[in-house]
Amino acid sequence: MPRNDERREALKACAEDARGCTRCPELAASRTQVVFGTGDPDADVMFVGEAPDRQDDALGVPLAGRSGALLDEMLAEIGLRREDVYVTAALKCRPADNRDPAPAELERCRSYLERQIELVRPRVVCTLGNAATRLLRGEPTPITAIHGQPESREIGGVAVRLYPLFHPDAALYRSAGVELLRADFARLPELLAMPVPERTPASPDADVVPPGEDPAPGPDEDSSAAAQLGLF
């Protein structure tokens with residue numbers, strides 16, 4: 001395993017490579033800059049958002065606006081700061097008009113995200129919203145059905161606990177959404193205290209760790225909650 005200083009240098013090299021990326025010509029032409037990632041390169045927790053918005057693109061910082069403020073608030077409630085975690089996105093360039101990332105764009109950018117996971121080596125990877133969750137799980141189950149349910153995965157050659165969460169932007173639509181996100185965040189210290197998971201190839205059949213005594217909602221209940229929260 002590379003030493004910490006070697007991994008940090010490799011992460012810098014990956015960021016430099018991403019800054020010159022033209023795999024998605026439309027995004028390369030319209031972006032202000034590539035938004036690669038910020039935070040502790042040795043973090044135990046990595047947050048993976050969807051794609052940069054206008055403010056992220058201008059500042060070069062993922063989750064820089066209202067959603068980032070909510071992330072900072074949730075982190076503070078469990079005794080962490082933005083500097084203690086690593087924050088990135090599934091797509092490193094802002095789509096025009098803040099549209100949803102196209103599946104092909106996410107696939108072209110996947111290698112950068114997997115390299116970040118390989119080099120940071122987090123214990124827990126929190127996917128924020130549908131795009132990042134579906135990309136790293138490899139199947140289309142919506143975030144409304146699986147949020148707050150950690151599972152063991154191997155990503156970028158690293159055994160991690162993948163922990164799907166609502167994206168802060170979606171949570172901000174309704175106060176109930178914020179409370180759902182808060183409840184899922186409250187479990188992070190428990191996940192970090194668990195042993196590093198065994199190396200398990202990523203697949204839709206990966207073992208799911210039950211979320212305490214609170215069962216996942218059934219399809220009808222989940223769809224109703226999602227509709228009320230504006231999370232579709």
Side-chain angles (χ1 to χ4, degrees), residues 7 11 37 39-51 62-63 67 71 74-75 78 80 84-92 101 103 106-107 109-171 180-212 214-217 222 226 231:
R7 289 192 292 108
L11 191 63
D40 184 355
D42 302 311
D44 286 332
V45 185
M46 177 183 288
F47 291 90
V48 183
E50 181 175 271
L63 294 175
S67 59
L71 174 64
M74 297 290 176
L75 286 171
I78 59 171
L80 294 173
D84 300 323
V85 302
Y86 192 87
V87 184
T88 186
L91 190 65
K92 312 303 186 196
L106 291 166
E107 282 299 327
C109 214
R110 176 200 287 270
S111 63
Y112 292 119
L113 177 57
E114 291 183 343
R115 182 68 168 150
Q116 286 173 302
I117 294 171
E118 176 188 356
L119 293 171
V120 176
R121 306 190 73 80
R123 298 167 65 91
V124 178
V125 174
C126 298
T127 52
L128 304 176
N130 277 317
T133 302
R134 288 169 171 166
L135 180 69
L136 292 183
R137 294 188 80 245
E139 55 91 37
T141 304
I143 190 69
T144 50
I146 56 174
H147 74 91
Q149 299 179 45
E151 52 192 63
S152 298
R153 295 269 171 167
E154 184 178 328
I155 306 171
V158 179
V160 302
R161 282 196 169 79
L162 188 68
Y163 192 40
L165 301 172
F166 287 122
H167 194 287
D169 275 345
L180 282 174
L181 183 59
R182 175 172 282 114
D184 289 343
F185 247 82
R187 197 177 175 207
L188 265 174
E190 170 196 339
L191 299 181
L192 288 169
M194 296 172 69
V196 175
E198 297 293 326
R199 296 184 63 165
T200 305
S203 74
D205 299 323
D207 292 337
V208 175
V209 180
D214 185 17
D222 181 63
L231 295 172

Let me confirm one number: the [atom1]-[atom2] distance from [X] to [Y], rounded to the nearest 0.5 Å.
X	Y	atom1	atom2	value
K92	L106	NZ	CG	10.5 Å
L63	L71	CG	CG	6.0 Å
T144	N130	OG1	CG	7.0 Å
H147	C126	NE2	SG	14.0 Å
F185	L80	CZ	CG	8.5 Å

Shortest non-hydrogen separation from [X] to [Y] and the atoms involved:
X	Y	answer
A51	P101	CB-CG, 3.9 Å
M46	T88	SD-CG2, 4.1 Å
L136	R153	O-NH1, 4.3 Å
V120	R7	O-NH1, 3.5 Å
L191	V124	CB-CG2, 4.1 Å
P197	S152	CB-OG, 3.5 Å

Got a sec, which residues hit side chain to side chain donor-acceptor pair (under 3.5 Å) with [X], two or more places apart in sequence or on another chain?
X	value
Y163	none
T127	T133
D44	none
E50	none

Name all residues meeting the side chain to side chain contact (heavy atoms under 4.5 Å, CB included) criterion together with R182; count only those two or more places apart in sequence or in a different chain, and write none if there are none.
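Side chain to side chain contact (heavy atoms under 4.5 Å, CB included) list for R182, sorted by chain: E73, M74, E77, V178, E179.
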
Using modelled atom types and a 3.5 Å cut-off, is there a donor and acceptor pairing between side-chain atoms of [X] and backbone atoms of [Y]?
X	Y	result
R123	V160	no
Q149	A145	yes
D184	L165	no
R134	P140	yes

Determine, stepwise, if the pair F166 / L128 fulfils side chain to side chain contact (heavy atoms under 4.5 Å, CB included).
CA-CA 5 Å; F166 287 122; L128 304 176; over 6 Å; no

Strictly below 4.0 Å, N to O, side chains only: are R121 and D42 in salt-bridge contact?
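Looking at D42 together with R121, the answer is no, because their closest N to O distance does not fall below 4.0 Å.
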
Which of these, V45, I117, I155, sits in a side chain to side chain contact (heavy atoms under 4.5 Å, CB included) with P122?
I117

Can you list the steps and then say if D40 with V85 is a side chain to side chain contact (heavy atoms under 4.5 Å, CB included)?
CA-CA 5 Å; D40 184 355; V85 302; over 6 Å; no

Among residues at least two apart in sequence or on other chains, which ones pass salt bridge (charged side-chain N to carboxylate O under 4.0 Å, His left out) with D84?
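With sequence neighbours excluded, D84 shows a salt bridge (charged side-chain N to carboxylate O under 4.0 Å, His left out) to R81, given in chain and number order.
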
